[in-house]
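Note that ligands are numbered from 1 as they come in the structure, with each ligand's atoms numbered from 1 the same way.
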Amino acid sequence: DDDLFPVSIQLKWYHQFQFAGYYAAMDKGYFRDAGLDVTLHEGGPHIHVSERVLSGKADFGIATSGLLSVRSRGQPVVAVAAIFQQSPFILITRDDPDIHSPADLVGKTIMVEPYSHELFTYFHHQGVDIDDINMIEHSGSPFDIFSGDIVGMTAYTTTDPYKLDKAGEDYRVFNPKDAGIDYYGDTLFTTEEFAHQHNDKVVALRKALIKGWRYALRNQEEIITLIRNDYNAAIEPDLLDFEAKRVAQLLIPGLMEIGHMNPARWQKIAEGFRSASLLQDDVDVEAFMFQADEPKNWRWLIYTLLVTALVTLVVTVALILLYNLNRKLKIENRRRVALEKKLTQQAVTDFGTGVLNRRGFLEVMEYELRRADRQGTTLSLLAFDLDHFKVINDTYGHAAGDQALTIVASTCRDTVRGIDTTGRMGGEEFMIALPDTDIEGARTLAQRFLEKLRDTPIVLADGRRFSVTASIGIICRKADEDAEHMMKRVDLAMYQAKEQGRNCISVAA
Ligand SMILES: Nc1nc2c(ncn2[C@@H]2O[C@H](COP(=O)(O)OP(=O)(O)OP(=O)(O)O)[C@@H](O)[C@H]2O)c(=O)[nH]1
């Protein structure tokens, strides 16, 4: 099938149940469904799996935990899935009377398969220098330890004990696990380059392989038949049956997710290797473990974008609401200040004429007195009352009287200076506060006001016209005189002007 991506996997030993998950994934079409065209290469004692993968003869390989040692030599291998959570690796020797412990192998010859780091760690743990043992290449046959110089070999718990038991041989087993050496067994790996360039293919292969292993463990009989029919006709069904049961235990399928790798456990394995001087350089375990990047990163990016957008939206809405609230508050505040100002003005202003009312005028008087004291200046006060106003009301009507009062007030405003203040004391009586003004200045102003009144006729809507006159009293403040006293005195002066015949000015003594 041209659309499938070709991938080759180098197995580490002869075809047997050790690789059941791979055969199941092939046979059940899991690899094909993942877009992969997988080829399996049989291994054996003479095959150096990591060399074949690193040289590009295979894309993937199966190795022991010794893979860490390969990585420590700067070779870019990457662990993809630890299939055997426990290692089947053991040391088997003849049942000789002089072999009771690993130390008894010093000076003797044993057969060792590639990447037997577990065995080397075990020897180190037992205080045995591996240089003192003669290690030769493994022949692949367990029966070679019973003849000639060879007294022991590396072996797998999954197959070798069956073969030896069946042949009726006596032998000894030394298991590194008894010394607390507990490593991952068969581990699928690839190169850093392949993992980087075909990250999605590695993910797909791992997923399909795990599915294959799950199927193989549930259907052991079927896979045994498959192995015998398609891969290894010579292998005994009973051996495969024995192996299947042992292999199933190594995957710990009920407890562990198939293929699971724990960085802390790889770290511990690396420490074991280091203590036995099997690492050339330190290994960065995170970099040694395959990382699937694509789907995770996309989901993360989309998630981040969504959260950012949501936060931005919420903040924007909150800011708009806050801005509107602030604007409303400002407008409200401005209105309130304007209203207060208006109310305050109304409280001190005479509605009809627009000059200050009695209350407002008294406040100004107090203020002017304080200022006069502070600045050492004089203060004069003028009071005027319109003459015969009752007659005006009676003759022209009350509205005409009101009109006359308004005109008089504006005439007054036109006559005085900017610093002078006019107030209506009630009825048709007014007062004018004259800061920094002596009695002569007050008299001049009063004279000018009377002239202006005479020259300003009141013209009614029906064309009738009349003019008004006023009686004026003026005083100048005596030393330390208060407002009340000044107003009493100026009132007296004004009554004097009435008595003197009206439309005239009277100066208080
Ligand atoms: N149209 C109008 N009349 C007012 C107002 N306030 C007071 N008056 C009238 O002014 C008149 C004041 O009369 P009087 O106090 O007798 O004094 P007068 O008629 O002005 O006479 P003399 O003050 O003695 O010159 C009354 O008839 C009041 O009703 C006002 O706001 N509007």
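Aromatic ring centroids of Phe273 and Tyr183 lie under 6.0 Å apart.
Atom CD of Glu257 has 12 or fewer neighbouring heavy atoms from other residues, nucleotides or ligands inside a 6.0 Å radius.
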List ligand 1's nitrogen or oxygen atoms that come under 3.5 Å of a protein nitrogen or oxygen, with the partner atom and distance.
from: ligand 1; atom 1: 1 (N); to: Asn393; atom 2: OD1; distance (Å): 2.7
from: ligand 1; atom 1: 1 (N); to: Asn393; atom 2: ND2; distance (Å): 3.4
from: ligand 1; atom 1: 1 (N); to: His398; atom 2: O; distance (Å): 3.1
from: ligand 1; atom 1: 1 (N); to: Asp402; atom 2: OD1; distance (Å): 3.4
from: ligand 1; atom 1: 3 (N); to: Asn393; atom 2: ND2; distance (Å): 2.6
from: ligand 1; atom 1: 19 (O); to: Phe389; atom 2: N; distance (Å): 3.3
from: ligand 1; atom 1: 19 (O); to: Lys390; atom 2: N; distance (Å): 2.9
from: ligand 1; atom 1: 20 (O); to: Leu386; atom 2: O; distance (Å): 3.4
from: ligand 1; atom 1: 20 (O); to: His388; atom 2: N; distance (Å): 3.4
from: ligand 1; atom 1: 20 (O); to: Phe389; atom 2: N; distance (Å): 2.8
from: ligand 1; atom 1: 20 (O); to: Glu428; atom 2: OE2; distance (Å): 3.2
from: ligand 1; atom 1: 23 (O); to: Asp385; atom 2: OD1; distance (Å): 3.3
from: ligand 1; atom 1: 23 (O); to: Lys498; atom 2: NZ; distance (Å): 2.9
from: ligand 1; atom 1: 24 (O); to: Arg502; atom 2: NH2; distance (Å): 3.1
from: ligand 1; atom 1: 25 (O); to: His388; atom 2: N; distance (Å): 2.8
from: ligand 1; atom 1: 25 (O); to: Lys498; atom 2: NZ; distance (Å): 3.1
from: ligand 1; atom 1: 25 (O); to: Arg502; atom 2: NE; distance (Å): 3.0
from: ligand 1; atom 1: 31 (O); to: Arg424; atom 2: NH2; distance (Å): 2.8
from: ligand 1; atom 1: 32 (N); to: Asp402; atom 2: OD1; distance (Å): 2.8

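In this structure, the side-chain contact (heavy atoms from CB on, under 4.5 Å) partners of Ala82, at least two apart in sequence or on a different chain, are Gln85, Tyr184, Thr187, Met261.
His124 places a side-chain N or O within donor-acceptor distance of the main-chain N or O of Ser275, the cut-off being under 3.5 Å.
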Could you tabulate the donor-acceptor pairs under 3.5 Å formed by side-chain atoms of residues 322-339, not counting sequence neighbours?
from: Asn333; atom 1: OD1; to: Arg336; atom 2: NH2; distance (Å): 2.6
from: Arg336; atom 1: NH1; to: Glu340; atom 2: OE2; distance (Å): 3.0

Per-pair distances, 0.1 Å, donor-acceptor, side chain in residues 427-438, under 3.5 Å, sequence neighbours excluded:
from: Thr437; atom 1: OG1; to: Arg417; atom 2: NH2; distance (Å): 2.7
from: Thr437; atom 1: OG1; to: Leu434; atom 2: O; distance (Å): 3.3
from: Thr437; atom 1: OG1; to: Pro435; atom 2: O; distance (Å): 2.8
from: Asp438; atom 1: OD1; to: Glu440; atom 2: N; distance (Å): 3.3
from: Asp438; atom 1: OD1; to: Gly441; atom 2: N; distance (Å): 2.9

